[in-house]
There are 2 protein chains.
Amino acid sequence: MTAPIDFYFDFSSPYGYLASLVIDDLAARHGRAVAWRPILLGVVFKTTGQSPLLDQPLRGEYARRDIARAARELGAPFRLPETFPINAMAASRAFYWLAGGSAARAREFARAAFAAIFVEGCDMGPPPAVIALARAKGFDADAMAKALEEQAVKDRLRSEVEAAMARGVFGSPYVVVDGEPFWGLDHLPQVERWLATGGW
Amino acid sequence: MTAPIDFYFDFSSPYGYLASLVIDDLAARHGRAVAWRPILLGVVFKTTGQSPLLDQPLRGEYARRDIARAARELGAPFRLPETFPINAMAASRAFYWLAGGSAARAREFARAAFAAIFVEGCDMGPPPAVIALARAKGFDADAMAKALEEQAVKDRLRSEVEAAMARGVFGSPYVVVDGEPFWGLDHLPQVERWLATGGW
């Protein structure tokens, strides 16, 4: 089977960021590509009744510790931005707009956005921040600025989020391998065993 | 460091059951014992605002699949009881009462209770079911029946649950190694690396 595996994430998700650092290599070890698919957990949470993880009693405190520990284990730079969670809408719209031209360029942008958020600690919520990042990284920022206002671009993100939810996606990262879903950074070793063995 | 590691679980937690099958061997590989500590997630959820996992939209459906998959991966027998979640209060009280005499016997009882629930599919909620299991497994069932009515036994469980929450425990399984907390079956490999390396 050579279909890409699906990698769902929210730009505001620390676990999504950490997964983004390893998912391509993981898949490549098994001859697979990865389709990156940003979603908006805020929309999903309206269905599942969850609240943002870091705001939850007991769980939030644990998550801060767990995320930092996972980053250290991966040797990944990490900081939690002062503004958190961030609103991932503009970055996600920009991603899908770029993906319409080149999946590779969209992924490049996603990596830059994740680094801006979780390495530099920037608030990538406001559209001007997203556009400034795009400009700094050599994307066509003027075209992006226009695109972010277009209904078709807004609709694309909405339909992606709806399709993800229809598929059962409720968290970040959330990986689907040949129809088999895996939620969470801690499931990546299981994703790898699934790819290696074809499932059990 | 030779202090035991703490293993918190709810008798009604499928992930807790699966962890119970491997935690002792995992710890023993690093020269450590395990202190088993049943808790009542229902009490914890009043603080964290969580609802039972399997009842949650999207997450519940995923969890059923994830639990069955984890059981298959471990080669562990598993079924979800028809009555679920079960009320773990009587089993937990029985555990701590037994632990007052012998930690090893209490653990033996815990293994039997988990097997009754997640292998046989029994409802171990009602005290008579717990007492019948104890009798069948050679414990002093008559003494247990009396103990389950004693205020001191009830207080012991309450204080264990309160102490666990004060320590930040909010899920099952939840393992603490030298003060470092790890939540979830999927964190057991990380628990093992922590034991092997002393942390990072």
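All values below come from the heavy atoms of this structure, side chains included, with hydrogens, waters and symmetry mates left out. Predicted model only: the values in this text are computed from it and were never measured. Order of the sequence lines fixes the chain letters, A, B, ..., with proteins taken first and strands second; residue numbering starts at 1 for each chain.
In terms of heavy-atom pairs under 4.5 angstrom with chain A, the leader among B:E73, B:Q190, B:M165 is B:E73. For chain B, the option among A:V44, A:L58, A:T47, A:L185 with the highest count of heavy-atom pairs below 4.5 Å is A:L58. Comparing B:R65, B:R193, B:Q56 by how many heavy-atom pairs each has under 4.5 Å with chain A, the most go to B:R65. Most heavy-atom pairs under 4.5 Å with chain A: of the set B:E180, B:R59, B:Q50, B:R72, this distinction falls to B:R59.
Under the 3.5 Å distance criterion, the side-chain polar atoms of B:R79 are matched with a main-chain donor or acceptor of B:V119.
Within a 6.0 Å radius of CD in B:E61, no more than 12 heavy atoms belonging to other residues, nucleotides or ligands are found.
The closest side-chain heavy-atom distance from B:Y174 to B:F9 is not below 4.5 Å.
At a cut-off of 3.5 Å, with distance as the only test, no side-chain donor of B:W36 or B:D6 sits close to an acceptor on the other residue.
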